[in-house]
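This report concerns only the one structure given below.
Throughout, a chain's letter reflects where its sequence line sits, starting with A, and its residues are numbered from 1.
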Amino acid sequence: MGVAEEVADAVTDGTAGTGGTSGSGAEDAREGGTPGREYRMEELARAAGITVRTVRFYRERGLIPPPRREGRIAWYDDHHLARLRTIAALLERGHTLQGIAELAEAFEKGRDVAELLGIDGPSEETPVRLTPEELADRFAGEVTPENLAAAMEFGYLGTDGDDIVHISRRLLDASATLVRKGVPLVAVMEAGQRIREHADALAELLLSFTLEHAAEHPELTVEELRPLAKSVVEAELSLALDRRLHQA
DNA sequence: ATTCTTACA
DNA sequence: TGTAAGGA
């Protein structure tokens, strides 16, 4: 708690913990002031509002990636700083160090998924970029390493730099709403998977339909049909729901 | 002399 | 986590 508060202070007014105004002439690392810059151990610690010892402690627990080593000195960058801020924020939200460590591990594993998300063609679904803290807020108590790994496995979540990216605003909102109402996130994701399978089948149907008629009707592209397909599927879904409800 | 690690409390 | 001691 003390740590997190100091970080909060540092972020807010730019002054970190114990009055470190000793005239060594070292520059303060300000919020987003110098991206791409590298930090020495002490600089990093000061920028994050924690002690050098704590940084080392986190590193021993695998909470932050190893620094770049240049002979004797360890160089840290913005990623490390961002990670430290994230750790502090998650700690403040009641996460345990152990839990954060596992989260970090799952986070590292999904690093390469970012490309999968980035190179998306035209889609109406807008990706949502959010920090680990924001994610923890949206799914209070459900942000476990297991769930995080599963979400990445399913392709809902990826990472971009130090941010997390959800592939779809609407899916994110829907799942967050369900979780807020008490549905376990795992259940939501499993249901989502099954729905996706059917959606894939529908998409395949649309594609083959397009191909079948492409010869005679060149203006019949998938993108032309997208809004039509959407309204057809939505209408059929409504009707299907009606049938189930009325007969039950 | 400085920066970082190891070891102990 | 603080701190003292020691390697490079």
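Rounded to whole Å, atom P of B:dT3 lies 16 Å from atom CZ of A:Arg59.
Sorted by first and then second residue, the side-chain hydrogen bond (donor to acceptor under 3.5 Å, both in side chains) pairs involving residues 170-187 of chain A (not counting sequence neighbours) are A:Glu125-A:Arg170, A:Arg138-A:Asp173.
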Which protein N or O atoms sit under 3.5 Å from an N or O of nucleotides 5-8 of chain C?
unit_1: C:dG7; atom_1: N2; unit_2: A:Arg72; atom_2: NE; d: 3.0

Return the polar atom pairs (N/O with N/O) between nucleotides 6-9 of chain B and the protein under 3.5 Å, or none.
none

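Grouped by direct or indirect side-chain proximity (heavy atoms under 4.5 Å, Ile/Leu/Val/Met/Phe/Trp/Tyr only), A:Val222 sits with A:Leu206, A:Leu207, A:Phe209, A:Leu220, A:Leu225, A:Leu228.
Of all non-hydrogen atoms in A:Asp77 and A:Leu44, the two that sit nearest each other are O-CD1, 4.4 Å.
Between A:Arg46 and A:Glu43 there is no salt bridge, since no side-chain nitrogen of the basic residue lies less than 4.0 Å from a carboxylate oxygen of the acidic one.
Of the listed residues (A:Leu90, A:Asn147, A:Thr144, A:Leu135), just one forms a side chain to side chain contact (heavy atoms under 4.5 Å, CB included) with A:Leu103, and that residue is A:Leu90.
Note that A:Arg37 lies outside the cation-pi zone of A:Tyr76, set by a 6.0 Å cut-off to the ring centre and a 45° limit from the axis.
With sequence neighbours excluded, no residue forms a salt bridge (charged side-chain N to carboxylate O under 4.0 Å, His left out) with A:Arg59.
For the residue pair A:Thr96/A:Gln98, the side-chain donor-acceptor check at 3.5 Å is not satisfied.
A:Ile195 and A:Leu178 end up in different hydrophobic clusters when Ile, Leu, Val, Met, Phe, Trp and Tyr side chains are linked at under 4.5 Å.
A:Thr54 has a side-chain polar atom (N or O) that falls below the 4.0 Å cut-off from OP1 or OP2 of C:dT1.
Of the candidates B:dC4, C:dG2, C:dT1, C:dT1 carries the atom nearest the A:Phe57 side chain, counting heavy atoms from C-beta on.
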Could you summarise the pairing of DNA chain C as dot-bracket text, marking Watson-Crick and G-U pairs under 3.5 Å with ( ) or [ ] inside the strand and | across strands?
||||||.|

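The structure places CG of A:Leu239 at 11.5 Å from CZ of A:Arg244, a figure rounded to the nearest 0.5 Å.
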